[in-house]
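Below: one structure, written as structure tokens.
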Amino acid sequence: MIVQSNHSLKDLNTFGIDVTAKYFAEASHMDDFIELLQQYHNEEILILGGGSNVLFTKDFDGLVIKNNLKGISIVEDHPEYVVVKAAAGEIWHELVLWTIEKGFGGIENLSLIPGCVGASPMQNIGAYGVELKDCFHSLEALNRTTKEITTFNAAQCAFGYRESVFKHEYKNQFIILSVSLKLFKHPIIKIEYGDIRAALTEKGIQKPTIKDVSDAVIAIRQSKLPDPKTLGNAGSFFKNPIIDTATFDTFHHAYPQAPFYKNESSYKIPAGWLIEQCGWKGKVVGHVGAHAKQALVLVNYGSATGEEIKKIAFDIQHSVFQKFNIRIEPEVNFY
Ligand code: FAD
Ligand code: NAP
């Protein structure tokens with residue numbers, strides 16, 4: 001295994017921020033992780049997947065390990081469902097396509113989410129009415145201190161809305177090695193969210209397959225979201241705020257036209273709408289902007305630094321708070 005010094009991370013983060021790592025290595029086997037953890041125990045260590053949910057604000061003063069563990073297999077086969085285990089370094093969207101080809105339903109609505117399998121539990125990835133937790137079976141993770149492998153079930157991961165135990169109590173304590181999913185041979189199709197049904201109807205599809213749903217999600221995403229290959233971004237920069245009933249009542253009274261989604265005893269307000277109302281949609285400051293089609297996505301128009309993006313993000317956060325008295329929290333991880 002080769003460890004490189006002063007390695008550029010520009011092509012390893014979808015914002016395209018031009019920073020370096022003091023040390024950089026790729027781990028293709030669990031033993032590589034153990035060796036690196038032992039050898040670099042005095043350094044700060046960052047595990048990187050596809051770099052699609054990180055913002056580097058400076059050079060990384062430590063060791064970056066790119067997770068390159070590969071392999072997808074069916075580990076349980078039942079009449080109604082299978083359990084599929086995917087190594088953490090697999091590309092998430094390629095896993096989705098693999099499951100669709102095999103006819104296993106459950107993650108088709110999560111098509112085209114960038115990044116690797118290993119990061120998917122970190123924030124319980126979600127899109128178009130489905131979250132990872134809906135078909136999560138278990139994961140295996142390497143304890144960075146004890147070097148033991150632990151299996152976590154869904155309850156132990158404490159999944160929430162773009163949240164898990166790995167962003168809080170166990171932050172920086174585990175390296176996720178694999179994720180296992182329970183997928184169905186006779187899947188229940190979910191097309192009520194957003195434009196999926198309309199996109200299928202337009203194509204004359206009345207009884208969609210999981211492939212039809214995936215194709216629809218891919219087409220909608222490609223029409224709305226900037227492709228990081230051409231325009232640096234990390235998807236939604238902020239999480240949608242979840243507010244309690246009292247806060248919602250005040251908000252709704254002042255802004256009856258605002259979109260909202262009611263959960264059991266709380267309300268989700270689309271952060272993109274809040275940002276747009278503050279005049280940020282399509283606005284460009286220096287090399288950074290809020291995307292013209294989705295204000296929630298901050299974009300690097302060329303040579304923005306992470307600090308520049310962070311500053312605009314805080315300005316946006318501040319203006320939303322000033323106008324609506326609602327705090328929006330970043331979804332992106334800062335380094
Ligand atoms: P990275 O950015 O590499 O890492 C993210 C965090 O996880 C870091 O803190 C990293 O240290 C940690 N991490 C990564 N791998 C491991 C591991 N194996 N073990 C321990 N820690 C690890 N997200 C959604 O939820 N839904 C969406 O619909 C969605 N759409 C997006 C669209 C675009 C255009 C972009 C750019 C991003 C989008 N995202 C979305 C955000 C992002 O793609 C996901 O959060 C994805 O899961 C991040 O994967 P990654 O491999 O790139 O993680
Ligand atoms: P959208 O359809 O314009 O909707 C805006 C927001 O409203 C979404 O964030 C979504 O919340 C919420 N919403 C819409 N319909 C809903 C419903 N029926 N029930 C509950 N909530 C609803 O959003 P978009 O920007 O085009 O994104 C589409 C999907 O892709 C969303 O699920 C979004 O989360 C996901 N996405 C995520 C990222 C990321 O980086 N995290 C980036 C791009 C897209 P939810 O976010 O809770 O779904």
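A quick note: this is a predicted structure, and the numbers were derived from the prediction, not measured. Counting starts at 1 for both ligands and their atoms, following the listed order. Heavy atoms only: backbone and side chains are in, while hydrogens, waters and symmetry mates are out.
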Sort out for me which residue in Leu181, Ile72, Val179 forms a side chain to side chain contact (heavy atoms under 4.5 Å, CB included) with Val117. Val179
Run the numbers for me: atoms of ligand 1, each under 4.0 Å from some heavy atom of Gly126, listed by number. 24 (C), 25 (O), 26 (N), 27 (C), 28 (O)
Is a donor from one side chain sitting under 3.5 angstrom from an acceptor on the other, for [X] and [Y]?
X: Thr247; Y: Asp244; answer: yes
X: Glu148; Y: Asn143; answer: no
X: Thr14; Y: Ser52; answer: no
X: Glu163; Y: Asn124; answer: no
X: Glu43; Y: His41; answer: no

Within-shell test, Phe166 vs ligand 1, heavy atom, strictly < 4.0 Å: no
Is there a heavy atom of Arg221 sitting under 4.0 angstrom from any atom of ligand 1? yes
Pull out every atom of ligand 2 sitting under 4.0 Å from any heavy atom of Gln294, numbered as shown with elements. 24 (P), 25 (O)
Out of all atoms in ligand 2, which are within 4.0 Å of some heavy atom of Glu331? Include the element for each. 39 (C), 40 (O), 41 (N)
Work out whether the distance between some heavy atom of Arg162 and some atom of ligand 2 is less than 4.0 Å. yes
Would you check whether Phe237 reaches within less than 4.0 Å of ligand 2, judged by its heavy atoms? no
Out of Phe174, Tyr128, Trp92, whose heavy atom is nearest to atom 20 (C) of ligand 1? Phe174
